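Notes for the one structure printed next.
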Amino acid sequence: MLQKPRGTRDFLPDEMEARRTIEWRMREVARCWGYREVCTPEFENLELFTMRSGEGIVEEMYIFEDKGGRKLALRPEITAAVIRMFINEAKVAPKPLRWCYFADCFRYERPQKGRYRQFWQFGVELIGADTARADAEVIMLAADMLNATGIAYDLKVGHLSFMKNLLKDLEYSAQRRMMAHLDKKDFDGLKNTLESMNKADLCNSLIALVNCRDLAEAFEISGPVPEKERINQTIEILDAAGIEYSLNFGIARGLDYYTGMVFEGFAQNLGAENQILGGGAYRLAHLFGGDDVASCGFALGFDRVMVSLGEKIHRKDTVVAVVCTNECRNHALEVARIFRRAGIRSEMDLMGRGLGAQIAHASKSADFAVVIGQRETESGNVTLKNLHTGEQKTLDPESAIAEVVSHGARR
RNA sequence: GCCAGGGUGGGGUAGUUGGUUAUCCUAGGGGACUGUGGAUCCUCCGACCCGGGUUCGAAUCUCGGCCCUGGCCCCA
């Protein structure tokens with residue numbers, strides 16, 4: 001039998017309905033904050049991603065050459081493409097721009113729990129606002145969105161200034177190495193590397209910073225931080241809004257282009273792959289030939305949210321089975337049309353089953369049976385049978401529709 | 001790329017000191033049965049991940065591969 005490619009998944013209707021339910025909750029939150037959806041190509045020139053993230057990521061991408069010999073890649077993430085799009089199409093649009101996306105990405109990695117080779121991200125980018133309010137808005141939006149999904153998570157907020165301030169005397173490559181150690185909480189590696197550079201005196205401050213959960217204390221540890229005022233403002237806004245988060249100044253994020261505020265979200269009930277959210281303030285536009293526009297955004301790992309939610313989401317449509325005797329099929333079709341026009345999912349027999357067999361089948365797949373036979377065809381009424389309770393009554397079609405709708409599951 | 005555990009009808013399983021036609025539940029189709037047949041009974045459909053090896057004989061032993069699950073690495 002033909003198998004699907006490693007790391008990909010098939011989604012049956014139950015699962016798709018659950019996914020769409022959560023997707024729409026996220027869309028609603030984004031919409032309410034004024035973030036409008038954009039869409040970029042599924043594949044881009046390879047260069048777009050290597051410019052952003054370095055050549056190293058080539059190993060982890062789906063790369064191919066088209067018939068014109070162009071080097072292309074299935075997108076491994078979406079931020080780079082959105083910023084490219086902003087430069088190509090919307091450079092002069094009034095700032096700030098609030099955009100969001102929901103799309104699939106591809107990475108060639110070893111699959112494990114919550115990690116697939118094709119996966120979906122819900123993300124937002126706030127382009128052209130370089131303020132504490134902008135930083136705070138994106139975090140508040142992220143929290144709002146995670147809350148809307150109903151998962152249990154921890155939100156960690158940090159700022160790169162502290163770490164960068166402590167490391168400012170080091171060479172750039174050494175800074176990168178330190179930040180990698182710190183992000184992983186690899187204190188032994190940190191110590192060794194510092195000692196080899198005769199900078200062991202930094203070690204205690206850096207470790208203290210990573211473990212620090214208090215803003216005032218962080219300022220003390222790292223000395224005068226240039227963005228102090230902006231950081232204070234951002235945190236004030238978050239606190240005033242009642243956002244639940246913890247401060248964490250060990251967050252380094254993998255990439256160069258993050259400039260200041262950074263944040264991450266973790267699901268509480270996942271295993272090794274428990275990060276469900278990552279974001280921050282960054283400058284990327286100049287890399288792609290645009291002005292040096294400040295941006296801020298996050299991407300949320302949709303599949304991990306679904307894994308975290310597990311079986312919690314049961315959204316079921318109310319289903320009506322319109323069952324009929326053979327000679328009343330035409331009238332039954334008409335009744336079904338009336339129900340469908342009212343927005344009710346209505347299904348009819350296609351197998352040529354008898355009335356009893358139709359009800360037997362309906363009992364497994366529907367909430368109500370609408371029985372149409374000689375009597376109903378003559379009177380214009382319908383017989384509505386609640387398949388959960390067995391209760392049955394004769395009603396005119398409009399009342400039957402009202403009964404089905406009031407039954408609840410229409411949302 | 002590395003480590004561990006797995007793979008038997010659509011789903012869940014039994015069977016592995018090698019031995020007839022591979023067990024059971026469930027789901028699905030048909031019928032008893034053309035106005036309530038959601039029940040009951042009968043019946044049908046349908047599987048040993050793939051390939052090589054050992055053997056008279058392999059679901060079972062062996063080797064390789066593929067895939068799944070979890071973890072390491074990485075995580076833009």
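Quick caveat: nothing in here was measured; it's all calculated off a predicted structure.
Look at the C1' atom in both B:rG18 and B:rU62: the space between them is 13 Å, to the nearest Å. Across B:rC50 and B:rU13, the matching C1' atoms stand 23 Å from one another, rounded to whole Å. B:rC72 and B:rG9: their P atoms are spaced 31 Å apart (whole Å).
Checking B:rG5 for Watson-Crick or G-U wobble geometry (two distances, each under 3.5 Å) identifies B:rC68 as its partner. Partner assigned to B:rG18 is none, using Watson-Crick or G-U wobble distances below 3.5 angstrom. For B:rG57, there is no paired base (Watson-Crick or G-U wobble, both distances below 3.5 Å). Base pairing of B:rU36: no nucleotide in any strand meets the Watson-Crick or G-U wobble criterion (both distances under 3.5 Å).
Residue pairs meeting the ring pair (Phe, Tyr, Trp, His ring centres under 6.0 Å) criterion with at least one partner in residues 128-184 of chain A, sequence neighbours excluded, are A:Phe162-A:Phe219, A:Phe162-A:Phe249.
Using a 4.0 Å cut-off between a side-chain N of Lys or Arg and a carboxylate O of Asp or Glu, A:Glu273 and A:Arg304 qualify as a salt bridge.
Following rounding to the nearest Å, A:Lys4 (NZ) and B:rG7 (C1') show an atom-to-atom distance of 13 Å. Atom C1' of nucleotide B:rG38 and atom NE2 of A:His388 are separated by 12 Å, given to the nearest angstrom. The separation between A:Gln112 atom CD and B:rC72 atom P is 7 Å, rounded to whole Å. Atom pair A:Phe49:CZ and B:rC75:C1' shows a separation of 16 Å (rounding to whole Å applied).
In terms of position along RNA chain B, the nucleotide closest to A:Arg6 lies nearer the 5' end than the nucleotide closest to the other residue of the pair A:Arg107 and A:Arg6.
When ring centroids are compared, A:Phe102 and A:Phe302 come within the 6.0 Å threshold.
Counting non-hydrogen atoms under 4.0 angstrom, A:Arg353 reaches the backbone sugars and phosphates but no base.
The side chain to side chain contact (heavy atoms under 4.5 Å, CB included) check on A:Pro397 picks up A:Val382, with sequence neighbours excluded.
Put simply, A:Arg110 has no side-chain N or O that comes within less than 4.0 Å of OP1 or OP2 on B:rG71.
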